[in-house]
Amino acid sequence: MEKIKILLIILTGLAVSSCKSEFSEELPPVTLPLDQAITNEKVLNTAVNGLYGLYQTYYDQSSESLNSYGALIPTLQELLGDNAFVVLIHSNRFSATKDPNLTFYTQNSDDIATVWRTLYRIIGNANFVLNYEGKITDDPNTPGTPENQFGQAYAVRAMAYFTLVTLFSDNLNSSNPDVGVPMPLKFKPGTNLPRSSVKQVYDQIFTDLTSASTRIGTGNGNKKFNAAAIDMLFSRYYLAIKNYAQANTYAQKVLDNTAYTLLPSSGVADFFSVGGENNNEIIFQIDYNALDLPGDNDGITATWSSVGRYKQNFATQAFFSKLGPKDVRRGTWYRNTGYVQTLNDDPKPIDVMKYTVTDRDIVVIRKTEAVFNQLEALYYTNPADALFKLNAWMKANRDTDYAYVGTGIDLLKEILIQKNLEMFLEGFRYSDLKRNGLGFKNPQTQVELTPSMVQFKAFPVSQTELNTNTLLSQYPGY
């Protein structure tokens with residue numbers, strides 16, 4: 001992928017870039033009128049590449065950190081949950097996540113501000129691209145079609161709004177239903193917006209995913225969104241709004257898609273190597289390569305695993321104990337040997353050996369997620385079937401000795417812990433617990449969250465954003 005930061009387009013003297021922090025100030029400096037910025041399909045393709053470039057981790061031209069799906073979001077999903085922690089010897093990065101007094105959840109948190117800023121930067125640039133829908137003709141010398149490119153922009157925007165409303169608002173039809181997130185849909189620089197309702201945001205996500213599904217096609221490879229990715233995003237969406245029948249339907253569509261293959265037990269050990277980037281399990285991943293790497297301090301390898309720069313973020317012993325002796329993920333993705341045994345933490349940490357080289361692409365969507373989306377949906381509609389399918393998949397693919405007989409809420413917890421064992425550091429744990437109203441206590445840090453606590457319901461908005469957008473309100477309780 002051509003690396004285009006912040007939709008940076010340089011063409012015959014034209015430069016388009018956005019370098020403000022807030023979505024309300026997304027005004028690219030240009031040397032020609034804005035309606036001339038994207039003039040043909042080749043430039044459109046470059047602009048859409050720029051949207052995917054924003055998924056990476058880096059500093060923009062103004063030295064602002066932009067970090068979301070490439071490192072920060074999957075890191076927070078684990079550290080703010082029950083199965084990961086920052087060890088005693090650390091770089092001070094993410095150290096507040098281990099404080100039982102919940103000092104991480106403040107309006108001065110740089111990490112929370114970065115998530116908000118980056119996602120709105122993505123949305124602002126997607127809006128800029130979508131401003132040209134219907135204005136670009138198909139160029140026979142350019143691969144694909146404009147329709148496909150605009151479909152990807154809709155998908156990018158949908159995913160950003162889904163992440164924002166998941167993190168910065170409570171669940172749909174729960175507390176504070178009017179407190180969604182601001183929802184700019186047009187490229188109108190200088191416009192401040194209040195929060196839309198939670199339902200309005202989810203309705204827009206559905207609209208954008210529907211628009212993407214009719215445009216995007218199947219031939220984009222795994223470095224861009226495609227039809228299978230849209231089906232998975234629909235499955236996530238329907239879980240979030242608790243339409244479990246539709247969540248199951250879309251999960252099954254992904255499972256039935258023969259272009260992708262569920263990761264077998266024989267493929268686990270090498271899946272997160274650079275060679276694993278071409279595995280047919282992967283539907284969408286963020287592109288990194290030897291010439292296009294995240295910063296040493298901010299990529300996902302910086303703080304995770306014993307081979308990272310800071311060697312500070314690990315899984316808990318309680319998490320590791322869920323793996324059976326014959327589980328193929330024990331000793332491959334998760335290890336209790338080597339460096340972690342030299343640390344003074346008690347209990348000792350568990351090494352997470354998924355991302356160990358900086359040029360490994362970051363997995364965002366893979367087929368096995370559909371297994372767990374279906375299991376969660378079936379738990380609410382046909383728990384006996386959920387139990388049967390959970391045992392069948394685990395025995396066939398991860399642990400030949402696996403056998404689970406629990407029912408009720410224990411079955412849901414088992415489905416979600418097996419999902420975390422499979423998809424740790426892939427962006428799910430905190431949101432999975434929140435979506436299902438499952439409070440927790442981290443056994444290593446003693447951080448505890450219950451569904452009644454504001455920190456469980458939503459992240460706070462940064463004070464900087466509140467100062468900039470005078471129509472924006474803080475989430476109640478902060």
Side-chain angles (χ1 to χ4, degrees), residues 73-74 77-78 80-83 159 162-163 165-167 170-174 198 202 205-206 209 228-257 260 262-263 281 283 319 322 329 363-399 402 404-440 449 451 456:
I73 288 173
Q77 285 281 356
E78 301 304 340
L80 298 179
D82 54 343
N83 292 322
M159 187 169 175
F162 184 84
T163 306
V165 77
T166 297
L167 296 178
D170 201 355
N171 297 334
L172 183 67
N173 297 325
S174 295
V198 176
Y202 278 108
I205 293 166
F206 175 82
L209 288 178
I230 303 306
D231 287 339
M232 192 76 84
L233 293 177
F234 263 123
S235 182
R236 294 181 185 180
Y237 161 81
Y238 281 117
L239 283 179
I241 69 168
K242 303 186 187 309
N243 185 335
Y244 298 115
Q246 284 291 82
N248 183 19
T249 294
Y250 276 93
Q252 190 62 51
K253 286 184 68 175
V254 177
L255 293 172
D256 290 340
N257 191 324
Y260 303 93
L262 289 171
L263 181 67
E281 158 86 355
I283 296 173
F319 172 80
K322 301 292 185 180
R329 298 167 296 194
V363 177
V364 179
I365 300 175
R366 59 183 176 105
K367 188 168 184 173
T368 299
E369 182 193 339
V371 171
F372 290 98
N373 288 1
Q374 182 172 75
L375 289 172
E376 183 178 337
L378 287 173
Y379 165 78
Y380 287 102
T381 58
N382 189 342
D385 197 19
L387 178 62
F388 174 80
K389 288 181 180 291
L390 171 64
N391 277 285
W393 183 84
M394 281 292 299
K395 287 179 72 69
N397 295 283
R398 297 295 180 265
D399 183 355
Y402 183 83
Y404 185 76
V405 296
T407 60
I409 195 68
D410 289 337
L411 173 58
L412 175 61
K413 291 179 179 179
E414 178 67 12
I415 289 169
L416 295 180
I417 189 61
Q418 289 302 330
K419 179 180 179 181
N420 198 208
L421 287 166
E422 177 69 17
M423 312 196 83
F424 189 98
L425 204 55
E426 297 179 50
F428 296 103
R429 185 58 174 174
Y430 173 84
S431 295
D432 284 349
L433 294 170
K434 173 184 171 181
R435 180 177 63 254
N436 288 285
L438 298 175
F440 63 88
L449 288 180
F456 190 85

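Scanning all heavy atoms of the two residues, the minimum distance from Gly437 to Pro451 falls at O-CG, 3.4 Å. Taking every heavy atom of both residues into account, Asn171 and Arg435 meet most closely at ND2-O, 3.5 Å. Scanning all heavy atoms of the two residues, the minimum distance from Phe162 to Ala240 falls at CE1-CB, 3.8 Å. Ala377 and Thr381 make their closest contact through O-OG1, 3.0 Å (heavy atoms, listed as atom of the first residue, atom of the second, distance). Of all non-hydrogen atoms in Ile415 and Ala386, the two that sit nearest each other are CD1-CB, 4.3 Å.
From Asp432, atom CG reaches atom OG1 of Thr166 across 10.0 Å, with rounding to the nearest 0.5 Å. Here the CG atom belonging to Asn373 is positioned 6.5 Å from the CE atom belonging to Met232, to the nearest 0.5 angstrom. Here Tyr379 contributes atom OH and Asp385 contributes atom CG; the two are 14.5 Å apart, rounded to the nearest 0.5 Å. Here the straight-line distance linking atom CZ of Arg398 with atom CG of Leu421 works out to 11.0 Å at 0.5 Å rounding. Between the CG atom of Asn243 and the OH atom of Tyr250 there is a distance of 10.0 Å, given to the nearest 0.5 Å. If you take CG on Leu411 and CG on Leu390, they are separated by 7.0 Å, rounding to the nearest 0.5 Å.
In this structure, Leu262 and Leu255 have side chains that are in contact, with non-hydrogen atoms separated by less than 4.5 Å. In this structure, the side chains of Glu369 and Phe428 come closer than 4.5 Å at one or more pairs of heavy atoms. Considering only heavy atoms from C-beta on, Leu263 stays 4.5 Å or farther from Lys367 through its side chain. Here the side chains of Leu167 and Tyr430 are in contact, with some heavy-atom distance below 4.5 Å. Between Ile283 and Val254 the shortest side-chain heavy-atom distance falls below 4.5 Å. Proximity of Asn397 to Tyr402: side-chain heavy atoms (C-beta onward) are nowhere separated by under 4.5 Å. Within the 4.5 Å cutoff, side-chain heavy atoms of Thr249 are placed close to those of Gln246.
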_One pair to check against side-chain hydrogen bond (donor to acceptor under 3.5 Å, both in side chains): Glu78 and Asn420. What are the steps and the verdict?_
CA-CA 9 Å; Glu78 301 304 340; Asn420 198 208; 3.3 Å; yes
*Evaluate the criterion side-chain hydrogen bond (donor to acceptor under 3.5 Å, both in side chains) for residue pair Asn436 and Tyr380; output intermediate values, then yes/no.*
CA-CA 11 Å; Asn436 288 285; Tyr380 287 102; 2.6 Å; yes
*Stepwise, does the side-chain contact (heavy atoms from CB on, under 4.5 Å) test hold for Leu438 with Ile409?*
CA-CA 9 Å; Leu438 298 175; Ile409 195 68; 3.8 Å; yes
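Judged by distance alone, the side chain of Gln77 and the main-chain N or O of Ser431 form a donor-acceptor pair under 3.5 Å. In this structure a side-chain-to-backbone donor-acceptor pair under 3.5 Å is present from Asn391 to Leu387.
Looking at Arg429 and Asp82, a side-chain N of the basic residue comes within less than 4.0 Å of a carboxylate O on the acidic one, giving a salt bridge.
With ring centers used as reference points, Phe319 lies under 6.0 Å from Phe424.
The only member of Lys419, Glu422, Glu426 that meets side chain to side chain contact (heavy atoms under 4.5 Å, CB included) when paired with Thr368 is Glu422. For the side chain to side chain contact (heavy atoms under 4.5 Å, CB included) with Arg236, the lone residue among Ile365, Leu209, Ile205 that qualifies is Ile365.
Taking a 6.0 Å sphere around NZ of Lys242, one finds it holds more than 12 heavy atoms contributed by other residues, nucleotides or ligands. Environment of CZ in Phe388: sparse, with no more than 12 heavy atoms of neighbouring residues, nucleotides or ligands closer than 6.0 Å.
Using bins of under 30°, 30° to 60° and over 60° for the plane-to-plane angle, the ring pair Phe206/Tyr238 lands in the perpendicular bin. Tyr202 and Tyr237 have tilted rings, their planes meeting at an angle from 30° to 60° on a 0 to 90° scale.
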